[in-house]
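Structure first, then comments.
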Amino acid sequence: MAAYMDRDTGHEGISTSTFYGTRKREVASVVLPPDGSSDSDEDEGTSEDEEDELYTEGQCQDSSSSSSDQFSDSSSDDEAEEGANHSKRGRMFRWRKTKFEHQSTATPSCFTTPDELSTPLTYFSKFFDEDIFGTIAHQTNLYSCQLIGSSINTDASEIKAFIGMKLMMGVVKMPAVENYWATDTRYDKVADVMPLKRYKCLSRMLHFQDNMSSDSSEDRLAKIRPVLDHMRGQCMEIESENQFSIDEMMVPYKGKKAGSLRQYLPSKPKKWGFKIFVRAGVPGFVYDFMVYTGKSTFDGASLDKEFGLCGNVVLQLRRTIRNPSNCVVYFDNFFTSLRLITHLKESMGLRSLGTIRKNRLMGCTLEEDRDLLRRGRGSFDFRVDNDAKLAVVKWADNKTVTLVSSCASVRPVGQVRRYSKEEKKKISVPCPKIVSEYNTHMGGVDLADMMIALYRTPAKSHRWYLAIFWQMVDIAVNNAWLLHRRDAAQLGQKHHCLKVFRLDVAKGLIYPEKQKRGRPKGNEDNTPPRVIKQPKVPRPVDDMIYDRIDHFPIVSVKGRYRMCQDGQTSIVCQKCKVRLCIVTGQNPRNCFHSFHCQ
C-alpha cells in the first residue's frame, strides 16, 4: 500500500486513488446497420456537399447520457434477437445536403359567407349560450344554500348582467371595485345596474359545480369543469382554418390557494399563474385548449409514453383537427422532436413545422454556430432526409435558430429587413422558406394572449378557479370578435374595433335586465324590488359647512333628512344643498343648526 506524508499534520496515510481504487473506463460499442441495409445508395449519391449520416431514433432523448445507454451492446447472431434490438433502436435517419422533395403548403381556408352581419351579443352567444348561464345561476343558488343556509335567488338574467358589468370593468378600470359606486368616481353604466351590496353578493356566491359531487375529489379542475367542457365544445364547433399554432397561455394568478396548479414561467409577461396549452389559428382564434394539472393532465386519454409531456400535448390537441391532411401545425422547441413530426405525418397526414433544440437532432450534424455567425447574418446550413420526409435548417440572425419540418425547407430563399449597426440602416438579409413560414404562422397563441391582456376582466378573488372562469369569458369575447371581423370582411363591411365590440357585448348583456336591478324575482311575499332612483347627495367638505357664511334655509322638494333616520322635510341649506329639519312642538329639534356647528 502506497503511503504519503500529510504536509499539515505530519501523519502518514494512503493516497486517494489507492483508497477508492482505479476508476474503470467504459467503452461503448457501436452497432452497425443490419445486414439487409446496403450502402450502395450512399456510394452513388455521396459527394463533398452530400454526406450521409446514420443515427437511430432511440439515441436522441438525452445528449448527456452515457454511451452505454445510447447504443445497444448486443452482438448475437440470432435473427430473432437481432430483430428485437433493431426495433428498440427505432427509425434510422439518413441526412443529406440535397433538395427536399416534399415541399408543400396548407390548403387555403374557405369559410361560409353569412347572409348578414350579426350583433355582437349573437356572436358572444355562440360560446356562452343560455345553457351555461342557467347552469351558473343554478349552481350559484345551490352554493349559497350550502354556505349560508339560504338561496340568493339569482337567475340567468342577473348572471348575464353581472358578467356584462365585469366586461365593462375590463375596459373602464378603477383601483377598487367600490370606486364604481363611490360619489367622487361613480360610473353610472356600472353603478346603475345593481347596488354594490348585490354585486358583492354575486361575486362571493358565483359557483359552477356542486361541491357534493362524487367527481370533485378525483378531478383537480372539478370546480370549473362544466365551464371548461362547454367552452371547449363550443370552440371546436366553429369553422376553422387550416394553419394552427400550439403554445402555452398563462392565466395570471399569484394566490396560494391553488397549490401546485399554479405554475411559474419566467419567459412569460405574467410569470405566475395557470398554464393552458392552446391550439389557435393565425389571427388568434382559440380552437382547442387543455389546462395543465400535472400528472392528471391526461387522465382518461390514451398516451404514448415515448413522446413525453410535450409530444402528448400536441397529440391531444391535434385530435380535434377536422381535415388533418389539408392542415399544417406549428410549435416551438418545447414540443418539437423528430419522432413527433414523423409520427404526425405518418399517422394522420398532418404536416408540421417548429424550432428544435440541439439535443433532439438525432445526429444531424450542422455547421457550428460560430461558423455561421462568422459568415454573417442570413447564412444557413441544412440537411434533408427524403425517406423520412424531414428537413432540418439552421439559420443565423442575431443568433442561430434550428428548425425542422415535414413540409418546408430552404427553397425558395426570400429576403427580410434587419437593422445593421455598422451601416446604421435596415438591410436585406437572406431568409429560408422554413423560417418565413414559421414567423408568419406561429404567433396565434401569443396574439390571443395579447388581445386578452388589452382589456382583461378583473378577477381578484380568494377562489382560484374564478381566474380561469374569467379567462374563458375573455377568450369567448375575443373569439366572437374574430368571427365578427371574418364575417365583415366576407360581406365587404367595416368591422368594429375590439374595444367597441366588447362594450357592445357588455351592453347587450346588461341593458335588457336594467329594469330588473335590485332583488330578483322569486320573493315569497311577491313584494316589488327596491330600486335606487337617485344616488345619495354627496356631503360637503367641512371647510364649507363650518365657515358660517351664507347658510340660509330655503324651501325645496320634499325628501329625506340628512341627519335624522326617519321622516322627510322640505327645508334645504342654500349653500350646502342638504335637507335639514327644523321641528317645533313637543319634541323640538334643529338639525340645521347642529349640522353647521362643530
Side-chain angles (χ1 to χ4, degrees), residues 152-154 158 161-162 164-205 458 460 503 506-507 510-521 523 525-598:
I152 62 173
N153 294 325
T154 189
E158 193 176 29
F162 176 75
M165 294 170 64
K166 298 286 284 188
L167 292 178
M168 200 165 289
M169 290 178 181
V171 178
V172 184
K173 299 181 184 296
M174 290 191 182
V177 172
E178 292 79 8
N179 294 135
Y180 293 97
W181 284 266
T183 301
D184 296 333
T185 58
R186 179 182 176 86
Y187 187 64
D188 294 338
K189 291 183 179 179
V190 171
D192 289 346
V193 178
M194 65 178 66
L196 175 61
K197 187 176 180 180
R198 183 64 180 178
Y199 171 85
K200 288 187 175 181
C201 178
L202 290 174
S203 299
R204 178 64 185 90
M205 299 300 173
K460 187 176 181 180
L503 290 175
K507 293 174 185 177
I510 292 173
Y511 284 170
E513 317 305 329
K514 185 176 179 181
Q515 302 303 322
K516 300 179 182 180
R517 63 180 183 269
R519 292 186 178 275
K521 293 181 179 179
N523 298 337
D525 54 355
N526 294 324
T527 57
R530 292 183 61 187
V531 178
I532 300 177
K533 297 181 179 180
Q534 294 181 356
K536 189 176 180 180
V537 177
R539 176 185 172 88
V541 296
D542 291 345
D543 293 338
M544 179 190 296
I545 296 174
Y546 306 128
D547 62 2
R548 297 174 180 254
I549 300 174
D550 295 335
H551 294 281
F552 299 108
I554 61 174
V555 178
S556 180
V557 180
K558 195 173 184 179
R560 294 187 61 181
Y561 300 153
R562 178 70 184 188
M563 297 184 65
C564 301
Q565 296 296 329
D566 299 322
Q568 294 183 343
T569 184
S570 58
I571 299 175
V572 179
C573 177
Q574 183 181 18
K575 185 175 181 179
C576 299
K577 307 298 183 184
V578 175
R579 292 187 180 90
L580 298 164
C581 64
I582 300 176
V583 180
T584 61
Q586 295 181 353
N587 298 316
R589 62 181 183 272
N590 191 343
C591 293
F592 189 91
H593 179 269
S594 301
F595 182 77
H596 293 97
C597 294
Q598 291 183 344

I would like to know whether D184 and R186 meet salt bridge (charged side-chain N to carboxylate O under 4.0 Å, His left out); could you show each step before the answer? CA-CA 6 Å; D184 296 333; R186 179 182 176 86; over 6 Å; no
When rounded to the nearest 0.5 Å, the distance separating CG of L202 from OG1 of T154 is 5.0 Å
Closest non-hydrogen contact found for C591 with L580 is O-CD2, 4.1 Å
Please walk me through it: do M169 and Y187 pass side chain to side chain contact (heavy atoms under 4.5 Å, CB included)? CA-CA 10 Å; M169 290 178 181; Y187 187 64; over 6 Å; no
Please work out whether the ring planes of F162 and Y199 are parallel, tilted or perpendicular, with thresholds of 30° and 60°. tilted
Side chain S570, main chain V557, donor-acceptor under 3.5 Å: no
dist S556:OG -> I571:CD1 (nearest 0.5 Å) comes out at 11.0 Å
So does W181 get a backbone contact from the side chain of T185, meaning a donor-acceptor N/O pair under 3.5 Å? no
So NZ of K189 and CD1 of I510: to nearest 0.5 Å the spacing works out to 10.0 Å
Heavy-atom donor-acceptor pair, K166 side chain to P458 backbone, under 3.5 Å: yes
Looking only at heavy atoms, what is the nearest atom pair of Y180 and V190, with distance? CB-CG1, 4.1 Å
Among residues at least two apart in sequence or on other chains, which ones pass side chain to side chain donor-acceptor pair (under 3.5 Å) with E178? K200
Quick one: list whatever passes ring-ring contact (aromatic ring centres under 6.0 Å, His included) with H596, sequence neighbours left out. H551, F592
Minimum side-chain heavy-atom gap V193-M168 below 4.5 Å: no
On a heavy-atom basis, the closest approach of P540 and I545 is O-CD1, 3.5 Å
Let's go through V171 and L503 carefully: what are the C-alpha distance in whole Å and the side-chain angles of both, what is the deciding distance for side chain to side chain contact (heavy atoms under 4.5 Å, CB included) to 0.1 Å, and is it a yes or a no? CA-CA 8 Å; V171 178; L503 290 175; 3.9 Å; yes
If you round to the nearest 0.5 Å, how far is CZ of R589 from OG of S594? 10.5 Å
Please evaluate residues K558 and R579 with respect to the criterion side chain to side chain contact (heavy atoms under 4.5 Å, CB included), reporting the C-alpha separation (whole Å), side-chain torsions for both, the decisive distance (0.1 Å), and the verdict. CA-CA 8 Å; K558 195 173 184 179; R579 292 187 180 90; 6.0 Å; no
Rounded to the nearest 0.5 Å, what separates atom CG in L196 from atom OG in S203? 9.0 Å
